[in-house]
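In what follows, a structure is listed as structure tokens, so that the remarks can point back to it.
Just follow the structure's listing: the first ligand is 1, and inside any ligand the first atom is 1.
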Amino acid sequence: MARIVMKFGGTSVANLERIRAAAAFVRREVEAGHSVAVVVSAMAGETNRLVALTDEAGAPAPALDARFVEYDAIVSSGEQVTSALLALVMQNQGFRARSWQGWQIALRTDEAHGRARISAIDAEQIGDAMDNGEVAVVAGFQGIAPSGRIATLGRGGSDTSAVALAAVLGADRCDIYTDVDGVYTTDPRLTKQARRIGKISYEEMLEMASVGAKVLQTRSVEMAMAHKVRLRVLSSFDAPDANAIGTLICDEDEIVEQNIVTAITPDFNEAAVTVLAVPDEPGNAAAIFTKLAEMNINIDMIVQSASREAGFANISFTTKEDDLDRAIEALADVQTAIGYKSLQADRHVAKISVVGVGMKSHAGVASTMFRTLAEKGINIHNISTSEIKISVLIDSDAAEYAVRSLHDAYGLDKVN
Ligand code: ADP
Ligand code: ASP
Ligand code: MG
């Protein structure tokens with residue numbers, strides 16, 4: 001008898017019909033004799049609706065702010081509903097099942113409301129219930145902070161709830177059911193040429209998630225890698241099938257044939273900021289980035305260049321479009337302290353990343369990227385790299401064309 005964790009995302013529990021379809025997947029595992037925990041998201045669109053309500057009530061975006069304690073109490077309610085609905089549906093089909101809220105498990109987090117991190121899970125009680133044949137239906141995305149208040153794990157956080165639970169339960173696998181049948185060479189919504197990847201390494205999946213592939217939350221992959229959770233991505237829109245393979249996220253050495261480039265990942269939720277004419281003195285970059293860090297604003301792609309005026313520099317960086325207004329607010333304070341001249345912000349940018357472990361040992365990946373974009377007349381604003389990734393910032397209007405061109409240039413439509 002294996003312990004299995006299954007997770008169903010928003011579109012997979014979008015209404016009662018979809019919840020019944022999800023129940024069929026759960027039944028198959030129970031009937032195979034497994035102990036099962038199911039983690040669910042809120043119904044598709046529900047979290048966005050709840051976030052908009054908190055916005056209207058005066059909590060603009062997650063940050064380290066007392067208002068986000070209430071934000072979390074509101075936005076966590078979507079998962080409360082779906083977990084209980086799925087438990088009810090299973091009970092009505094003759095199965096023993098119960099819903100578990102984050103605080104009931106208890107899934108413990110830190111106090112960073114709106115983007116909390118999991119610190120521990122007291123999984124004994126839930127594990128016993130599962131091993132006694134009761135399906136544990138867990139509300140994803142939520143936990144309990146040291147203050148005793150509900151905390152949420154950041155958008156897409158149900159993936160992380162599922163992987164964390166799989167890790168503490170010592171689960172044999174963690175299956176993420178979504179609206180695509182695996183991880184693809186690029187977002188399958190952007191091109192028909194996208195191909196499902198049979199196996200992908202934790203490292204590449206982590207890089208893809210962190211540069212914006214929405215299919216798994218970054219922290220879920222980090223956690224799967226650290227605890228060696230066997231993670232699969234599968235579709236809940238296909239009929240339940242014991243032979244469905246989806247995509248397995250695993251150690252690099254389990255993958256026999258490695259491509260040089262594995263995937264192209266676009267991120268449309270980017271904004272570029274340039275701080276113009278910063279006095280070229282020690283401490284000014286520190287003043288800018290310390291203030292942004294204090295406001296919990298993540299930044300990326302930093303470039304410093306000489307300003308037209310001698311003795312001054314321009315500092316550019318990218319941030320999430322959702323964080324742009326707060327970044328501008330933060331930098332207004334810094335202007336008083338260091339006296340830069342002005343600020344430019346551009347929302348019409350997108351980051352395109354090429355990811356692949358093969359880059360560690362093969363030359364020419366960057367030149368193919370730059371040549372392809374040049375041939376298509378696409379201008380690059382910024383570049384950043386890691387050992388297994390190259391990202392460029394371009395105009396968002398050109399982003400889809402760039403993805404398709406790069407997908408073609410690296411021969412990814414031939415991946416099987
Ligand atoms: P869920 O609601 O099930 O958590 P998400 O919307 O968070 O689902 O993630 C699934 C979506 O991720 C897909 O519909 C797809 O458009 C998107 N996606 C982005 N990049 C990829 C990729 N490389 N492979 C598969 N899906 C991707
Ligand atoms: N419902 C939450 C969200 O929309 C968490 C999740 O779906 O993973 O972000
Ligand atoms: Mg998701």
[X] heavy atoms, cut-off 4.0 Å: which ligand 1 atoms fall inside?
X: Met208; result: 23 (N)
X: Tyr184; result: 22 (C), 23 (N), 24 (N), 25 (C)
X: Pro188; result: 24 (N), 25 (C), 26 (N), 27 (C)

Item checked: Sub-4.0 Å heavy-atom contact, Gln217 with ligand 2 ->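 Outside the 4.0 Å threshold, so no.
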Item checked: Whether Gly156 lies under 4.0 Å from ligand 2, heavy atom ->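 In this structure, Gly156 qualifies as a contact of ligand 2 - some heavy atom is under 4.0 Å.
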Check: For ligand 2, is any non-hydrogen atom under 4.0 Å from Glu79's backbone (N, CA, C, O), its side chain (CB onward), both, or neither?
Finding: side chain
Name the closest protein heavy atom to [atom], giving the residue it belongs to and the distance to 0.1 Å.
atom: atom 13 (C) of ligand 1; value: Asp179 OD1, 3.4 Å
atom: atom 25 (C) of ligand 1; value: Gly182 O, 3.4 Å
atom: atom 2 (O) of ligand 1; value: Gly10 N, 3.2 Å
atom: atom 3 (O) of ligand 1; value: Thr178 OG1, 2.7 Å
atom: atom 4 (O) of ligand 1; value: Lys7 NZ, 3.1 Å
atom: atom 7 (O) of ligand 2; value: Ser41 OG, 3.0 Å

Residue portion contacting ligand 1 (non-hydrogen atoms closer than 4.0 Å) for [X]:
X: Val215; result: both
X: Ala263; result: neither
X: Thr186; result: backbone

Is any NZ, NE, NH1 or NH2 atom of the basic residue among [X] and [Y] found under 4.0 Å from an Asp or Glu carboxylate oxygen of the other?
X: Glu29; Y: Arg173; result: yes
X: Arg347; Y: Asp325; result: yes
X: Asp72; Y: Arg149; result: no
X: Asp267; Y: Lys320; result: yes

Going by heavy-atom distance to [atom], choose the closest among [options].
atom: atom 21 (C) of ligand 1; options: Thr247, Asp187, Asp159; value: Asp187
atom: atom 8 (O) of ligand 2; options: Ser158, Gly78, Ala162; value: Ser158
atom: atom 5 (P) of ligand 1; options: Lys214, Arg189, Arg196; value: Lys214

Notebook entry, point to check: Atom CZ of Arg49 and atom CE of Met43: how far apart are they, to the nearest 0.5 Å?
Noted result: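 The CE atom of Met43 is 10.5 Å from CZ of Arg49, to the nearest 0.5 Å.
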Item checked: Inter-residue atom distance Ile297.CD1 - Ile328.CD1, 0.5 Å rounding -> 10.0 Å
Margin query: Ignoring hydrogens and geometry beyond distance, is a side-chain donor-acceptor pair present between His407 and Thr185 at under 3.5 Å?
Written below: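 Side chains of His407 and Thr185: pair found under 3.5 Å.
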Margin query: Just by distance, no angles: are the side chains of Glu70 and Thr54 close enough, under 3.5 Å, to form a donor-acceptor pair?
Written below: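 Checked: Glu70/Thr54 side chains show no N/O donor-acceptor pair below 3.5 Å.
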Next item on the list: Look only at interatomic distance and state if Thr47 has a nitrogen or oxygen under 3.5 Å from any nitrogen or oxygen of ligand 2.
Entry: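 Right, the criterion is met.
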Checklist line | Arg155: numbered ligand 2 atoms lying under 4.0 Å from its heavy atoms | finding: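 Close to Arg155: 3 (C), 4 (O), 9 (O).
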Check: Taking Arg230 as the fixed residue, which of Leu248, Asp175, Asp172 is the one that meets the side-chain contact (heavy atoms from CB on, under 4.5 Å) rule?
Finding: Leu248
Item checked: Among Leu406, Val355, Leu190, side-chain contact (heavy atoms from CB on, under 4.5 Å) partner for Ile264 ->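 Going through the options one by one, the only one that passes is Leu406.
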Margin query: Aromatic contact between Phe317 and Phe289, with the criterion being ring centroids under 6.0 Å apart: yes or no?
Written below: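 Yes, ring centres under 6.0 Å apart.
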Notebook entry, point to check: How would you list, by chain and number, every residue that makes a side chain to side chain donor-acceptor pair (under 3.5 Å) with Glu124, sequence neighbours excluded?
Noted result: none
